[in-house]
Each structure stands twice: as structure tokens, then as C-alpha cells.
Protein chains: 2
Amino acid sequence: MVVYFVTQRGGSSLDAIRVPSSGSAAQQVEAQLRRAIVTLALPPGTRLSEAEIAERHGVSRQPVREALIGLARTRLVEILPQRGTLVVRISVKKMMEARFVREAIETAVARRAATGFDPGARVRIDDLLDLQAKAAARGAHETFQRYDEMFHMALAEGAHCALAWEAIADIKAHMDRACHLTLKGSMLPLVEQHRAIMAAIDRGDGEAAAEAMREHLSEILRALPKVEAEHPDLFE
Amino acid sequence: MVVYFVTQRGGSSLDAIRVPSSGSAAQQVEAQLRRAIVTLALPPGTRLSEAEIAERHGVSRQPVREALIGLARTRLVEILPQRGTLVVRISVKKMMEARFVREAIETAVARRAATGFDPGARVRIDDLLDLQAKAAARGAHETFQRYDEMFHMALAEGAHCALAWEAIADIKAHMDRACHLTLKGSMLPLVEQHRAIMAAIDRGDGEAAAEAMREHLSEILRALPKVEAEHPDLFE
DNA sequence: CGAAATATACTACCATACAAAGACGCCCTC
DNA sequence: GAGGGCGTCTTTGTATGGTAGTATATTTCG
């Protein structure tokens, strides 16, 4: 039996983003499963039975089913009709494609951000970067990853293109698990890259911001071969 | 009562893409509803009752519910818990954001396509363009729009970035209805723009391909004000 | 002994029934 | 006559039973 545990309470205020205590049961189950998959508590290849998950979460099979459909839409799980549902393995090919698309979107966002940035989002980003630096310092890579997500979300919002974040969020699903593995290493350089991006934006240099973003998103390329070699069972 | 009709049969082989006769009932209902919404057979503001749709399609409420959840995920409908589900109005703001993100992705795809294109996809695109030109000539704008979709999908696939199409498909939902309205006008110039993009790709000129794509995707900007003025009730 | 046919157990999928919550109209009260 | 409280209706959300299809283990036949 697969054993995993996801704290619903005891988290910071950020839990409201990914694991809302409000919302339908289906949404809660989906958020919890998503986190469990991304953190590899549910490793690739795990069979997900509707009945088993329903029992574990204390709900019926129907909300669980809807949660799994939602996860299947972002390709985190694969539903085989009348056969079963399982956590998909990390695909290097899809990761490379996802990175390409994400780079296309985020460099454009960075370029636009340099032409005018929402003041409210700007100050929030400063707070986020400080919090992220602290998380990095104490090695809390899960918290770090959530702040990273919030940074990129705030960046899109600040550039007056919230829709960009929605597109990124779906794409990111293909990369998150591999990123989670690489974060075991040093996190502080990533914060510095974030700061470099914001510095370029602040001085209105769109090209520099885009280039800094490109550099930032290329980071995963360096770590990927090593991670893949260390965990061959997680990849397809 | 809202009356609409979507042909499940009588279509070309392309129906297999958006309205698969196979697949679960939920997927079929979702595809039919999506088409009805995009073609404005179900105009913005329409209330969508799970029970009513279920009866109309001869299935139970459950598959319909899953279909609506899928549509809500791409923001085509809005589900108000315990209150009702309705077709969202076209948002110019979101359309502009969607166009921005789409331009970011597709210009990058075009640029990459110029560095190497899948031969199989290349010949398929030629066939598509011919079919699209014919559809434009006889004024079949719905068929035209489907070929347009297939063109952009084949382009992403040919550039070895199928994932890009998935991202675009979600984003496109915000633009499709407005595009549907503008297609009442001339369609042939759009085919020529497609051909210009492919010509640039064929000669390996990435920058020209990207610029041609940017030009192509900017077309909607010219028509949008007129459409919005003519159909104010469709917009928010 | 091997291979094919069969029985069984499991799955997602669909249908139906029930529950909870907001919207609306009605009636009573001030 | 106007405003507030209450009951009813409609809506989505959830629970549960039943069905068809698939994989696996078992049995049976060559």
C-alpha cells in the first residue's frame, strides 16, 4: 500500500493558494493529490484507485474522480479507461518542450514588465524574494518552491498579463517534479537570478530582463542530466 | 429555452478531432458544448442547467457535470456553486492578454520551425492550406476555422513542440468566439499569411517566419473594435 | 507439458438518489 | 404601505448502486 501524508493544517498562509480549506471536496482532493505528486510522495508509476483515495480522504468516489480528471488534464496522471489510473513518469522530451514554451512566455512577460509594472505587485515581489531567501537559507525546499511559484505568478500579474500565469501553471506541471529534485542542491543562486530579473525590469531594460529570465529558465538544463541519472526509475 | 443543434454526423473526417464519436460520454458532451459556445450557438450569458443539458443529450447529470468542469477550466463557462452555470461573456482585456501570450508562443514556434521541420507535418500542412483556401472560397467559415486550428497544431507538431499546441489551445478559447465573428469577412488573406509563414520557414529564415506570424496574429486587433461595436451584448 | 479458453476480480464509467445552499416569492408584522 | 422573516423551489455538490470492459489467474483440452 502506498503511504503518503499531506498536511492540511499547520501550514503557512500560502496553503490558501494550492490547498484551500474552502472549496469543494473535489478541489481539495485535487490540490492535495497534486502536491503529493509534485513532491514525489506519490512517485511515478503509482496506481491511484478511486476507491482507495476516497476512503483515505473520507469522501465518496465521485469527487475523487473529478479530481483525477483535473490531474489528467495537466498530464500528471493518466486515466486508462476501465483499467486504472496511474501517476505518469517524468518525460525528458516533454520537459524540454515545456521549458521551451515557458521560456517563450516568460521572456515576453519580462520584456513587457520593463515597460510598466504594477506598483502593488512590485512591493509584493520584494517581500516574496526576502521570504524566499530565508527559505533557501534554512533549506526548506518545499516552501522555497512555493515562493518561486508565487514570484512568477506575481511577475505575470505585475506585467498586466495574469493569463500568462495560467498558461505557465499548466506547462509547469511537466517540470515541477524534476525541479523538486534539483532543489536539494543550492537554492540561493535562483533568488539572485530573480533579483537580477527585477533589477533589469526596474531600470526599464526589457532586453536585459528577458535575457536574465532566459538564463534563469536555462538553469534546469544543467541539473537535469544528473537528476535523471540518479533517479532513472522516475523517468520514462 | 435555448435551442441549438450540433451535427455529430455529416461532418468531414475532421470531426474526429473535436467531436469524437468515440470517447466517454463526458468528453462527447464537452466537445459538443464547446463547439456550440465557440460558434455562439450558445451566446454569452446563457444559463446552462446540468439537468437540462443531460436530458437534451440523453445522458445523466454526471457526465454533463464533468463536461462543465472541463469548460470552466478553460474559462468558457463559469460555475457558481449552488447558483448556476453560465456562458461567460467575451472579455476584451482577456483577449488582449491571450493574444499576447499566443504571440509569444507561436513566434517562438515559428522561429524554431525554421531550424528544422518534420517532413510528414510539412506535406500535411500543404494539404491543409489547400483545403483551407477552398473553404475560404466557398465562405464556409466554420470549416475554415477548423482548418485554421489544424494548421497551427501541425505547425507546433512540425517544430517538434506538440506541447506548445496544448498551451495554445487553452489560450485560444478566449479568442475563438471573437475570431468566429470576424471571419464573416474575408478569409483568403489569412490563408496567404499562412503561406507566407511557411515560405519563410522553408527557406530557413526564422526571424522572417516569426515576423510573419506576429503579423498574422495581429490581424484580430484590426477587426476587434468593429466586432465589439456591432455586438456589445456579447462582451462584458 | 503447453497453449488456449474460461471464470473471476478489478477498474473506470454511468445512472440514480440524497443533501446542502443560495434565490425567490409570499406572508406577516410594524 | 414598506420592510423583514420564513418557506419553497431550483441549483450544484455528494453518496451509492449497478454496468461494461479489461487483466489476471485458473482450468481444460490438445
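Below, read A as the first sequence line, B as the second, and so on, with proteins coming before strands; counting in each chain starts at 1.
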Any carboxylate oxygen within less than 4.0 angstrom of a Lys/Arg side-chain nitrogen, looking at B/Arg65 and A/Glu66?
yes
With a 4.0 angstrom cut-off to heavy atoms of chain A, pull out the first and last contacting nucleotide of DNA chain D, in 5'-to-3' order.
D/dT14 to D/dA23
Report the C-alpha distance between A/Leu155 and A/Trp165 in whole Å, list the side-chain angles of each, state the deciding distance to 0.1 Å, and finish with yes or no for side-chain contact (heavy atoms from CB on, under 4.5 Å).
CA-CA 9 Å; A/Leu155 189 61; A/Trp165 169 248; over 6 Å; no
Please assess A/Arg47 against A/Val87 for the test side-chain contact (heavy atoms from CB on, under 4.5 Å), listing each intermediate value before the final yes or no.
CA-CA 7 Å; A/Arg47 280 180 61 92; A/Val87 180; over 6 Å; no
Identify, residue by residue, the members of residues 63-79 of chain B with a heavy atom below 4.0 Å from DNA chain C, and return them in order of residue number, or none.
B/Pro63
What I want to find out is whether A/Asp126 reaches A/Arg122 closely enough, with some N-O distance under 4.0 Å, to be called a salt bridge.
yes
First of B/Ser49 and A/Pro81 reached from the 5' end of DNA chain D, by closest nucleotide
B/Ser49
If we count only N and O atoms by modelled type, under 3.5 Å, do the side chains of A/Thr74 and A/Arg34 hold a donor and an acceptor together?
yes
Note: chain B reaches DNA chain C at heavy-atom distances under 4.0 Å over the stretch, first to last nt, 5' to 3', of C/dC14 to C/dA23
I'd like to know if B/Arg73 and A/Glu30 make a salt bridge, using a cut-off of under 4.0 Å between side-chain N and carboxylate O.
yes
Between A/Arg61 and A/Gln82, just flag the one whose closest nucleotide in DNA chain D comes earlier from the 5' side.
A/Arg61
Base, sugar-phosphate, or nothing: which does A/Gln62 touch, judged by heavy atoms less than 4.0 Å apart?
base
What residues, two or more places apart in sequence or in another chain, satisfy side chain to side chain donor-acceptor pair (under 3.5 Å) together with B/Lys93?
B/Glu97
For B/His160, which residues count as a ring-ring contact (aromatic ring centres under 6.0 Å, His included) partner, sequence neighbours excluded?
none
Please name the pair of heavy atoms, one in B/Leu234 and one in B/Pro43, separated by the smallest distance, quoted to 0.1 Å.
CD2-CB, 4.5 Å
Tell me every residue that passes side chain to side chain donor-acceptor pair (under 3.5 Å) with A/Arg83, counting only those two or more places apart in sequence or in another chain.
none
Under 4.0 Å, counting only non-hydrogen atoms across every strand here, what does A/Ala25 touch: a base, just sugar-phosphate, or nothing?
sugar-phosphate
